[in-house]
**Q** 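One structure, pasted below without further comment.
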Amino acid sequence: MGIHGLQKLINDHAPGAITETEMKNLFNRKIAIDATMSLYQFLIAVRIGGEGQPAAANLTDESGETTSHLQGLFHRTIRMINNGVKPCYVFDGKPPDLKAEELAKRAAKREEAEKNGKEATEAGDTETIAKFAKRTVKVTRKHTEEAKRLLTLMGVPVVDSPTEAEAQCARMAKEGLVYGAGSEDMDSLTFGASVLIRHLTFSEARKMPIKEINLSVVLEQLGLDMNQFTDMCILLGCDYADSIKGIGPVRAFDLIKKHGSLEEIIKNLDSTKYPIPESFDYVRVRQLFKEPDTLPASQIDLKWKDPDEEGLIEFLVKEKGFAEDRVKSGIEKLKKSRGTSVQNRLDSYFGAPVKRKLEEPKKEKGKGAKKAKTGGKAAASPVKKGAGKKK
DNA sequence: GCTCTCTCTGGAGACGGG
DNA sequence: TCCCGTCC
DNA sequence: ACTTCCAGAGAGAG
(Lines give C-alpha, C1' and ligand atoms only; values in the text may rest on other atoms or scores of the structure.)
Protein backbone atom coordinates (compact mmCIF):
# COMPACT_ATOMS: atom_id res chain seq x y z
CA MET A 1 0.00 0.00 0.00
CA GLY A 2 1.10 3.49 -0.65
CA ILE A 3 3.31 5.39 -3.02
CA HIS A 4 6.80 4.05 -3.28
CA GLY A 5 9.42 6.51 -2.10
CA LEU A 6 7.05 9.45 -1.70
CA GLN A 7 7.86 9.97 1.95
CA LYS A 8 11.52 10.34 1.16
CA LEU A 9 10.87 12.58 -1.80
CA ILE A 10 8.85 14.92 0.40
CA ASN A 11 11.52 14.77 3.08
CA ASP A 12 14.11 15.82 0.51
CA HIS A 13 12.24 18.33 -1.62
CA ALA A 14 9.40 19.63 0.51
CA PRO A 15 10.62 19.50 4.09
CA GLY A 16 8.48 22.48 5.00
CA ALA A 17 5.37 20.39 4.44
CA ILE A 18 6.20 18.16 7.39
CA THR A 19 5.46 19.32 10.90
CA GLU A 20 6.19 17.41 14.03
CA THR A 21 3.18 18.17 16.12
CA GLU A 22 2.59 18.09 19.79
CA MET A 23 -0.50 16.69 21.28
CA LYS A 24 -1.94 20.07 22.04
CA ASN A 25 -2.02 20.85 18.33
CA LEU A 26 -4.43 17.98 17.83
CA PHE A 27 -6.69 18.99 20.69
CA ASN A 28 -10.28 19.05 19.45
CA ARG A 29 -9.12 18.07 15.98
CA LYS A 30 -11.42 15.77 14.04
CA ILE A 31 -9.46 13.03 12.35
CA ALA A 32 -10.69 10.38 9.90
CA ILE A 33 -9.14 6.95 10.35
CA ASP A 34 -9.24 3.88 8.13
CA ALA A 35 -11.04 1.39 10.38
CA THR A 36 -10.28 -1.75 8.39
CA MET A 37 -6.54 -1.11 8.58
CA SER A 38 -6.78 -0.67 12.33
CA LEU A 39 -8.77 -3.87 12.81
CA TYR A 40 -6.31 -5.75 10.66
CA GLN A 41 -3.42 -4.54 12.77
CA PHE A 42 -5.13 -5.62 15.95
CA LEU A 43 -6.01 -9.04 14.63
CA ILE A 44 -2.39 -9.55 13.69
CA ALA A 45 -0.75 -8.06 16.72
CA VAL A 46 -3.01 -8.80 19.66
CA ARG A 47 -2.18 -12.40 20.34
CA ILE A 48 -0.90 -14.67 23.00
CA GLY A 49 2.43 -16.17 22.04
CA GLY A 50 1.62 -19.79 21.63
CA GLU A 51 3.95 -22.18 23.38
CA GLY A 52 1.60 -25.05 23.78
CA GLN A 53 -1.29 -22.72 23.12
CA PRO A 54 -4.05 -23.61 20.72
CA ALA A 55 -3.39 -22.41 17.22
CA ALA A 56 -5.36 -19.23 16.77
CA ALA A 57 -4.14 -17.46 19.81
CA ASN A 58 -6.22 -14.34 19.57
CA LEU A 59 -7.97 -13.05 22.62
CA THR A 60 -11.39 -14.66 22.71
CA ASP A 61 -14.66 -14.61 24.58
CA GLU A 62 -16.17 -17.64 26.29
CA SER A 63 -17.44 -19.19 23.11
CA GLY A 64 -14.09 -18.81 21.40
CA GLU A 65 -14.95 -15.78 19.27
CA THR A 66 -12.05 -13.42 18.64
CA THR A 67 -11.98 -10.21 20.67
CA SER A 68 -8.53 -8.88 19.77
CA HIS A 69 -9.97 -6.26 17.46
CA LEU A 70 -12.27 -4.98 20.19
CA GLN A 71 -9.54 -4.94 22.80
CA GLY A 72 -7.24 -2.96 20.53
CA LEU A 73 -9.86 -0.59 19.22
CA PHE A 74 -11.29 0.15 22.65
CA HIS A 75 -7.99 1.15 24.19
CA ARG A 76 -6.52 2.98 21.21
CA THR A 77 -9.65 5.03 20.79
CA ILE A 78 -9.74 5.87 24.48
CA ARG A 79 -6.15 6.96 24.25
CA MET A 80 -6.90 9.30 21.39
CA ILE A 81 -9.98 10.77 23.00
CA ASN A 82 -8.14 11.07 26.28
CA ASN A 83 -5.66 13.26 24.46
CA GLY A 84 -8.38 15.48 23.09
CA VAL A 85 -8.47 14.03 19.58
CA LYS A 86 -11.86 13.49 17.97
CA PRO A 87 -11.52 10.37 15.87
CA CYS A 88 -14.04 9.04 13.40
CA TYR A 89 -13.60 5.65 11.79
CA VAL A 90 -14.16 5.02 8.11
CA PHE A 91 -15.01 1.50 6.92
CA ASP A 92 -14.15 0.00 3.55
CA GLY A 93 -16.75 -0.62 0.90
CA LYS A 94 -16.21 -2.42 -2.39
CA PRO A 95 -12.65 -2.27 -3.72
CA PRO A 96 -12.12 -0.65 -7.12
CA ASP A 97 -11.65 -2.89 -10.17
CA LEU A 98 -8.08 -1.78 -10.63
CA LYS A 99 -7.22 -3.44 -7.36
CA ALA A 100 -8.58 -6.81 -8.44
CA GLU A 101 -5.20 -8.11 -9.52
CA GLU A 102 -3.58 -7.14 -6.27
CA LEU A 103 -6.42 -8.63 -4.24
CA ALA A 104 -6.30 -11.87 -6.21
CA LYS A 105 -2.63 -12.21 -5.33
CA ARG A 106 -3.38 -11.74 -1.66
CA ALA A 107 -6.24 -14.22 -1.76
CA ALA A 108 -4.02 -16.84 -3.38
CA LYS A 109 -1.45 -16.35 -0.69
CA ARG A 110 -4.01 -16.73 2.02
CA GLU A 111 -5.42 -19.88 0.46
CA GLU A 112 -1.99 -21.41 0.36
CA ALA A 113 -1.49 -20.56 4.00
CA GLU A 114 -4.87 -22.01 4.87
CA LYS A 115 -4.00 -25.24 3.13
CA ASN A 116 -0.70 -25.50 4.96
CA GLY A 117 -2.44 -24.70 8.20
CA LYS A 118 -4.98 -27.43 7.63
CA GLU A 119 -2.31 -30.00 6.93
CA ALA A 120 -0.55 -28.97 10.09
CA THR A 121 -3.77 -29.34 12.01
CA GLU A 122 -4.23 -32.85 10.75
CA ALA A 123 -0.67 -33.65 11.70
CA GLY A 124 -1.18 -32.02 15.10
CA ASP A 125 1.78 -29.74 14.48
CA THR A 126 0.88 -26.82 16.73
CA GLU A 127 3.97 -24.84 15.86
CA THR A 128 3.17 -24.85 12.18
CA ILE A 129 -0.46 -24.07 12.92
CA ALA A 130 0.54 -20.93 14.78
CA LYS A 131 2.91 -20.01 12.00
CA PHE A 132 0.23 -19.95 9.36
CA ALA A 133 -2.46 -18.50 11.58
CA LYS A 134 -1.25 -14.95 11.10
CA ARG A 135 -1.22 -15.30 7.36
CA THR A 136 -4.85 -16.26 7.21
CA VAL A 137 -6.01 -13.17 9.08
CA LYS A 138 -8.92 -11.51 7.42
CA VAL A 139 -11.20 -8.74 8.60
CA THR A 140 -14.66 -10.29 8.41
CA ARG A 141 -18.08 -8.74 8.32
CA LYS A 142 -18.54 -9.86 11.90
CA HIS A 143 -15.38 -8.04 13.03
CA THR A 144 -16.58 -4.95 11.22
CA GLU A 145 -20.07 -5.05 12.71
CA GLU A 146 -18.69 -5.54 16.20
CA ALA A 147 -16.26 -2.67 15.74
CA LYS A 148 -19.09 -0.39 14.62
CA ARG A 149 -21.17 -1.43 17.59
CA LEU A 150 -18.31 -0.72 19.97
CA LEU A 151 -17.52 2.68 18.49
CA THR A 152 -21.17 3.70 18.51
CA LEU A 153 -21.46 2.73 22.18
CA MET A 154 -18.34 4.79 22.85
CA GLY A 155 -19.96 7.79 21.19
CA VAL A 156 -17.52 7.76 18.27
CA PRO A 157 -18.91 8.33 14.75
CA VAL A 158 -18.48 5.75 11.99
CA VAL A 159 -18.65 6.29 8.23
CA ASP A 160 -19.28 3.72 5.50
CA SER A 161 -17.24 4.40 2.39
CA PRO A 162 -18.62 3.24 -0.97
CA THR A 163 -15.14 2.08 -1.92
CA GLU A 164 -11.76 2.47 -0.30
CA ALA A 165 -11.73 3.94 3.19
CA GLU A 166 -8.45 5.68 2.48
CA ALA A 167 -10.02 7.66 -0.33
CA GLN A 168 -13.02 8.55 1.82
CA CYS A 169 -10.81 9.79 4.65
CA ALA A 170 -8.92 11.92 2.16
CA ARG A 171 -12.08 13.45 0.79
CA MET A 172 -13.37 14.26 4.26
CA ALA A 173 -10.14 16.12 4.94
CA LYS A 174 -10.15 17.77 1.54
CA GLU A 175 -13.67 19.09 2.03
CA GLY A 176 -12.98 20.29 5.54
CA LEU A 177 -15.21 17.88 7.39
CA VAL A 178 -12.22 16.72 9.38
CA TYR A 179 -8.83 18.24 10.01
CA GLY A 180 -6.88 15.41 8.47
CA ALA A 181 -6.58 11.75 7.58
CA GLY A 182 -4.86 9.65 10.22
CA SER A 183 -2.95 7.04 8.26
CA GLU A 184 0.42 5.56 7.44
CA ASP A 185 -0.45 5.44 3.77
CA MET A 186 1.10 8.13 1.63
CA ASP A 187 -1.56 7.67 -1.03
CA SER A 188 -3.87 9.63 1.24
CA LEU A 189 -2.12 12.65 -0.25
CA THR A 190 -2.59 11.35 -3.78
CA PHE A 191 -6.29 11.01 -2.99
CA GLY A 192 -6.19 14.68 -2.05
CA ALA A 193 -6.12 14.73 1.76
CA SER A 194 -5.27 18.27 2.81
CA VAL A 195 -3.43 16.96 5.84
CA LEU A 196 -2.00 13.51 6.46
CA ILE A 197 -1.21 12.60 10.04
CA ARG A 198 1.30 9.82 10.54
CA HIS A 199 2.20 7.91 13.68
CA LEU A 200 -1.01 8.95 15.31
CA THR A 201 -0.99 5.92 17.58
CA PHE A 202 1.09 7.79 20.08
CA SER A 203 1.98 5.53 22.89
CA GLU A 204 2.85 8.35 25.26
CA ALA A 205 6.39 9.60 24.78
CA ARG A 206 8.04 6.30 24.09
CA LYS A 207 7.16 6.22 20.45
CA MET A 208 7.72 8.14 17.26
CA PRO A 209 6.58 11.74 17.12
CA ILE A 210 3.36 12.60 15.33
CA LYS A 211 3.98 14.03 11.90
CA GLU A 212 1.62 16.16 9.87
CA ILE A 213 2.11 16.44 6.13
CA ASN A 214 0.39 19.37 4.49
CA LEU A 215 -0.57 18.75 0.88
CA SER A 216 -0.71 22.35 -0.29
CA VAL A 217 2.79 22.94 1.03
CA VAL A 218 3.96 19.74 -0.63
CA LEU A 219 2.68 21.00 -3.97
CA GLU A 220 4.08 24.45 -3.43
CA GLN A 221 7.54 23.27 -2.48
CA LEU A 222 7.69 20.63 -5.18
CA GLY A 223 6.49 23.17 -7.69
CA LEU A 224 3.76 20.89 -8.99
CA ASP A 225 0.04 21.20 -9.39
CA MET A 226 -2.23 18.40 -8.21
CA ASN A 227 -2.45 16.77 -11.65
CA GLN A 228 1.30 16.69 -11.96
CA PHE A 229 1.66 15.40 -8.42
CA THR A 230 -0.79 12.58 -9.16
CA ASP A 231 1.08 11.60 -12.31
CA MET A 232 4.34 11.60 -10.41
CA CYS A 233 2.83 9.30 -7.76
CA ILE A 234 1.76 6.84 -10.46
CA LEU A 235 5.29 6.97 -11.82
CA LEU A 236 6.74 6.31 -8.38
CA GLY A 237 4.64 3.19 -8.07
CA CYS A 238 1.22 2.74 -6.49
CA ASP A 239 -1.18 -0.11 -5.72
CA TYR A 240 -3.04 0.18 -9.00
CA ALA A 241 -0.33 -0.12 -11.63
CA ASP A 242 3.16 -1.47 -12.12
CA SER A 243 6.02 0.98 -12.25
CA ILE A 244 8.63 1.51 -14.95
CA LYS A 245 11.95 -0.21 -14.31
CA GLY A 246 14.74 2.26 -13.86
CA ILE A 247 12.50 5.15 -12.92
CA GLY A 248 12.86 5.95 -9.24
CA PRO A 249 12.14 9.01 -7.17
CA VAL A 250 14.83 11.15 -8.78
CA ARG A 251 13.94 10.53 -12.40
CA ALA A 252 10.20 10.58 -11.72
CA PHE A 253 10.47 14.03 -10.19
CA ASP A 254 12.76 15.20 -12.98
CA LEU A 255 10.51 13.89 -15.70
CA ILE A 256 7.33 15.42 -14.34
CA LYS A 257 9.06 18.77 -13.91
CA LYS A 258 10.34 18.60 -17.45
CA HIS A 259 7.32 17.28 -19.31
CA GLY A 260 4.39 18.06 -17.04
CA SER A 261 2.29 14.96 -17.66
CA LEU A 262 2.51 11.22 -18.16
CA GLU A 263 1.44 11.59 -21.79
CA GLU A 264 4.40 13.84 -22.54
CA ILE A 265 6.78 11.79 -20.45
CA ILE A 266 5.93 8.58 -22.27
CA LYS A 267 6.15 10.34 -25.61
CA ASN A 268 9.68 11.47 -24.79
CA LEU A 269 10.91 8.42 -22.98
CA ASP A 270 13.41 6.07 -24.61
CA SER A 271 11.23 2.97 -24.66
CA THR A 272 14.12 0.62 -25.31
CA LYS A 273 15.86 1.84 -22.20
CA TYR A 274 12.70 2.20 -20.12
CA PRO A 275 10.04 -0.18 -21.42
CA ILE A 276 6.52 0.64 -20.28
CA PRO A 277 4.96 -2.34 -18.48
CA GLU A 278 1.88 -3.88 -20.01
CA SER A 279 -0.41 -3.15 -17.12
CA PHE A 280 0.25 0.56 -17.02
CA ASP A 281 -3.26 1.93 -17.43
CA TYR A 282 -2.33 5.33 -16.08
CA VAL A 283 -5.42 7.04 -17.44
CA ARG A 284 -7.71 4.91 -15.31
CA VAL A 285 -5.42 5.06 -12.30
CA ARG A 286 -5.27 8.82 -12.56
CA GLN A 287 -9.05 8.94 -12.71
CA LEU A 288 -9.29 6.70 -9.66
CA PHE A 289 -7.08 9.01 -7.63
CA LYS A 290 -8.85 12.10 -8.86
CA GLU A 291 -12.44 11.00 -8.44
CA PRO A 292 -12.75 7.90 -6.29
CA ASP A 293 -16.27 6.76 -5.52
CA THR A 294 -16.76 8.38 -2.13
CA LEU A 295 -19.37 10.31 -0.18
CA PRO A 296 -19.27 14.10 -0.22
CA ALA A 297 -18.93 15.83 3.12
CA SER A 298 -22.48 17.12 2.79
CA GLN A 299 -23.78 13.55 3.15
CA ILE A 300 -21.87 12.81 6.33
CA ASP A 301 -22.88 13.87 9.80
CA LEU A 302 -20.22 13.51 12.46
CA LYS A 303 -21.33 13.60 16.08
CA TRP A 304 -19.31 12.72 19.14
CA LYS A 305 -21.49 11.68 22.04
CA ASP A 306 -21.23 10.58 25.63
CA PRO A 307 -20.44 6.89 25.99
CA ASP A 308 -23.31 4.50 26.63
CA GLU A 309 -22.05 3.10 29.89
CA GLU A 310 -24.62 0.36 30.30
CA GLY A 311 -24.34 -0.64 26.68
CA LEU A 312 -20.57 -0.95 26.93
CA ILE A 313 -20.81 -3.07 30.07
CA GLU A 314 -23.39 -5.29 28.41
CA PHE A 315 -21.34 -5.71 25.25
CA LEU A 316 -17.78 -5.91 26.50
CA VAL A 317 -18.21 -7.41 29.96
CA LYS A 318 -21.27 -9.62 29.67
CA GLU A 319 -20.95 -10.71 26.06
CA LYS A 320 -17.23 -10.54 25.45
CA GLY A 321 -15.79 -11.33 28.85
CA PHE A 322 -13.79 -8.13 29.40
CA ALA A 323 -12.75 -7.29 32.94
CA GLU A 324 -15.40 -5.02 34.37
CA ASP A 325 -13.04 -2.70 36.22
CA ARG A 326 -10.97 -2.12 33.10
CA VAL A 327 -14.02 -1.31 31.03
CA LYS A 328 -15.30 1.01 33.73
CA SER A 329 -12.01 2.84 34.00
CA GLY A 330 -12.03 3.23 30.23
CA ILE A 331 -15.52 4.68 30.36
CA GLU A 332 -14.40 7.10 33.04
CA LYS A 333 -11.61 8.33 30.79
CA LEU A 334 -14.08 8.85 27.98
CA LYS A 335 -16.48 10.79 30.16
CA LYS A 336 -13.77 12.90 31.70
CA SER A 337 -12.15 13.71 28.38
CA ARG A 338 -15.44 14.62 26.85
CA GLY A 339 -16.22 16.92 29.76
CA THR A 340 -12.88 18.64 29.33
CA SER A 341 -13.39 19.00 25.62
CA VAL A 342 -16.88 20.47 25.93
CA GLN A 343 -15.71 22.77 28.70
CA ASN A 344 -12.81 23.93 26.59
CA ARG A 345 -15.03 24.63 23.63
CA LEU A 346 -17.42 26.71 25.74
CA ASP A 347 -14.52 28.53 27.28
CA SER A 348 -13.16 29.57 23.97
CA TYR A 349 -16.62 30.47 22.69
CA PHE A 350 -17.43 32.69 25.62
CA GLY A 351 -13.89 33.85 26.08
CA ALA A 352 -13.90 32.37 29.51
CA PRO A 353 -11.15 33.17 31.97
CA VAL A 354 -8.27 30.85 32.48
CA LYS A 355 -9.37 29.64 35.85
CA ARG A 356 -10.99 26.27 35.91
CA LYS A 357 -11.46 23.53 38.37
CA LEU A 358 -10.32 20.74 36.17
CA GLU A 359 -6.78 20.77 37.33
CA GLU A 360 -6.72 17.36 38.92
CA PRO A 361 -3.05 16.52 38.70
CA LYS A 362 -3.73 12.83 38.44
CA LYS A 363 -4.86 11.98 35.00
CA GLU A 364 -4.57 8.36 35.81
CA LYS A 365 -4.50 6.79 39.19
CA GLY A 366 -1.23 7.18 40.94
CA LYS A 367 0.78 8.11 37.91
CA GLY A 368 1.94 11.66 38.13
CA ALA A 369 4.31 11.17 35.27
CA LYS A 370 2.26 13.12 32.81
CA LYS A 371 2.25 16.82 33.05
CA ALA A 372 -0.81 18.08 34.79
CA LYS A 373 -2.75 20.24 32.45
CA THR A 374 -2.89 23.40 34.48
CA GLY A 375 -5.08 26.16 33.25
CA GLY A 376 -2.25 28.60 32.78
CA LYS A 377 0.14 28.58 29.91
CA ALA A 378 3.08 27.96 32.16
CA ALA A 379 5.21 26.83 29.26
CA ALA A 380 5.06 23.49 30.92
CA SER A 381 6.91 21.71 28.24
CA PRO A 382 7.78 18.15 29.14
CA VAL A 383 11.52 18.54 29.03
CA LYS A 384 12.39 15.09 30.17
CA LYS A 385 11.38 13.39 27.04
CA GLY A 386 14.42 11.99 25.34
CA ALA A 387 15.39 9.73 28.14
CA GLY A 388 16.65 6.28 27.31
CA LYS A 389 18.17 6.70 23.91
CA LYS A 390 20.89 4.17 23.71
CA LYS A 391 22.18 3.08 20.41
C1' DG B 1 29.33 11.95 -9.66
C1' DC B 2 24.65 10.56 -10.01
C1' DT B 3 20.98 7.33 -9.54
C1' DC B 4 19.03 3.03 -8.90
C1' DT B 5 19.26 -1.50 -6.72
C1' DC B 6 20.66 -4.54 -3.31
C1' DT B 7 21.43 -5.74 1.46
C1' DC B 8 21.19 -5.19 6.17
C1' DT B 9 18.82 -3.62 10.29
C1' DG B 10 15.11 -2.63 13.47
C1' DG B 11 10.49 -2.20 14.65
C1' DA B 12 5.77 -3.40 14.02
C1' DG B 13 -1.01 -3.02 19.95
C1' DA B 14 -1.78 -1.44 24.61
C1' DC B 15 -1.87 -1.87 29.60
C1' DG B 16 0.07 -2.00 34.02
C1' DG B 17 2.46 -4.27 37.99
C1' DG B 18 6.95 -4.92 39.68
C1' DT C 1 11.59 4.25 33.77
C1' DC C 2 11.82 -0.03 31.66
C1' DC C 3 10.49 -4.92 31.16
C1' DC C 4 7.60 -8.30 30.22
C1' DG C 5 3.42 -10.97 31.32
C1' DT C 6 -1.25 -10.26 30.26
C1' DC C 7 -5.38 -8.44 28.06
C1' DC C 8 -10.02 -12.07 26.47
C1' DA D 1 1.39 -8.74 8.14
C1' DC D 2 6.28 -11.51 12.10
C1' DT D 3 8.65 -18.11 7.86
C1' DT D 4 6.32 -10.44 6.55
C1' DC D 5 6.49 -5.65 5.45
C1' DC D 6 8.42 -1.25 5.37
C1' DA D 7 11.71 2.53 5.90
C1' DG D 8 16.28 4.15 6.45
C1' DA D 9 21.33 3.67 5.78
C1' DG D 10 25.21 2.25 3.34
C1' DA D 11 27.63 -0.27 -0.49
C1' DG D 12 28.00 -1.25 -5.20
C1' DA D 13 26.65 -1.36 -10.26
C1' DG D 14 25.43 1.01 -14.53
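The structure presented is a predicted model; accordingly, all values stated were derived computationally and were not measured. In what follows, every chain begins at residue 1, and chains take the letters A, B, ... in the order their sequences are listed.
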**Q** Taking atom P of dA12(B) as reference, at what distance in whole Å does atom CZ of R198(A) sit?
**A** 15 Å
**Q** Write down the protein N/O and nucleotide N/O pairs, taken from nucleotides 3-5 of chain B, whose separation is under 3.5 Å; answer none if there are no such pairs.
**A**
from	atom 1	to	atom 2	distance (Å)
dC4(B)	OP1	G248(A)	N	3.2
dC4(B)	OP1	R251(A)	N	2.9
dC4(B)	OP2	V250(A)	N	3.3
dT5(B)	OP1	G246(A)	N	3.3

**Q** Test of understanding: with side-chain hydrogen bond (donor to acceptor under 3.5 Å, both in side chains), list the residues that count as partners of R286(A), not counting sequence neighbours.
**A** D231(A), E263(A)
**Q** Compare every heavy atom of A252(A) with every heavy atom of L236(A), then report the nearest pair and how far apart it is.
**A** CD2-CB, 3.9 Å
**Q** Is there a donor-acceptor contact under 3.5 Å linking the side chains of Y179(A) and S194(A)?
**A** no
**Q** Tell me: OH of Y40(A) to P of dA12(B), nearest whole Å?
**A** 19 Å
**Q** On DNA chain D, nearest-nucleotide positions of A45(A) versus N11(A): which is more 5'?
**A** A45(A)
**Q** Which whole-number value in Å describes the distance from L150(A) CG to dC8(C) C1'?
**A** 14 Å
**Q** For nucleotides dA1(D) and dC6(D), find the distance between their P atoms and express it as a whole number of Å.
**A** 9 Å
**Q** For the residue pair H13(A) and F253(A), does the interplanar ring angle fall in the parallel (under 30°), tilted (30 to 60°) or perpendicular (over 60°) class?
**A** tilted
**Q** Run the salt-bridge test on E212(A) and R198(A) with the 4.0 Å N-O cut-off and return the result as yes or no.
**A** no
**Q** Scan residues 63-76 of chain A against DNA chain C and write down, sorted by residue number, each residue with any heavy atom closer than 4.0 Å; if none is found, say none.
**A** T67(A), Q71(A)
**Q** What's the gap between dC6(B) and dC8(C) when it is taken at their P atoms, as a whole Å value?
**A** 46 Å
**Q** Do N58(A) and T60(A) have side-chain atoms, one donor and one acceptor, less than 3.5 Å apart?
**A** no
**Q** Check for me whether the distance between the ring centres of Y240(A) and F289(A) falls short of 6.0 Å.
**A** yes
**Q** Tell me: NE2 of H199(A) to P of dA7(D), nearest whole Å?
**A** 9 Å
**Q** Name the closest nucleotide to the I44(A) side chain, picking from dG13(B), dC2(D), dG8(D).
**A** dC2(D)
**Q** What is the distance from CG of L6(A) to C1' of dG8(D), rounded to the nearest Å?
**A** 16 Å
**Q** I'd like the P distance from dC5(D) over to dC15(B), given in whole Å.
**A** 28 Å
**Q** Taking CZ from R79(A) and C1' from dC15(B), how many angstroms apart are they, rounded to a whole number?
**A** 8 Å
**Q** Could you tell me how far apart K333(A) (NZ) and dA14(B) (C1') are, to the nearest whole angstrom?
**A** 10 Å
**Q** Considering only residues two or more places apart or on different chains, which pairs with a residue in residues 169-178 of chain A satisfy side-chain hydrogen bond (donor to acceptor under 3.5 Å, both in side chains)?
**A** R171(A)-E175(A), R171(A)-T294(A)
**Q** What's the CD-C1' distance between Q41(A) and dC5(D), to the nearest Å?
**A** 12 Å
**Q** Would you tell me whether R326(A) and Q71(A) have side-chain atoms, one donor and one acceptor, within less than 3.5 Å of each other?
**A** no
**Q** Given dA14(B), dC7(C), dA1(D), identify the nucleotide with an atom nearest to the side chain of I48(A).
**A** dC7(C)
**Q** With K148(A), which residues qualify under salt bridge (Lys or Arg N to Asp or Glu O under 4.0 Å), at least two apart?
**A** D160(A)
**Q** We want to know whether S337(A) and N82(A) form a side-chain donor-acceptor pair, criterion being a heavy-atom distance below 3.5 angstrom.
**A** yes
**Q** Does anything in residues 310-323 of chain A reach DNA chain C, meaning a heavy atom under 4.0 Å, and if so which residues?
**A** K320(A), G321(A), F322(A), A323(A)
**Q** Answer with yes or no whether the side chains of S63(A) and D61(A) bring together a donor and an acceptor at under 3.5 Å.
**A** yes
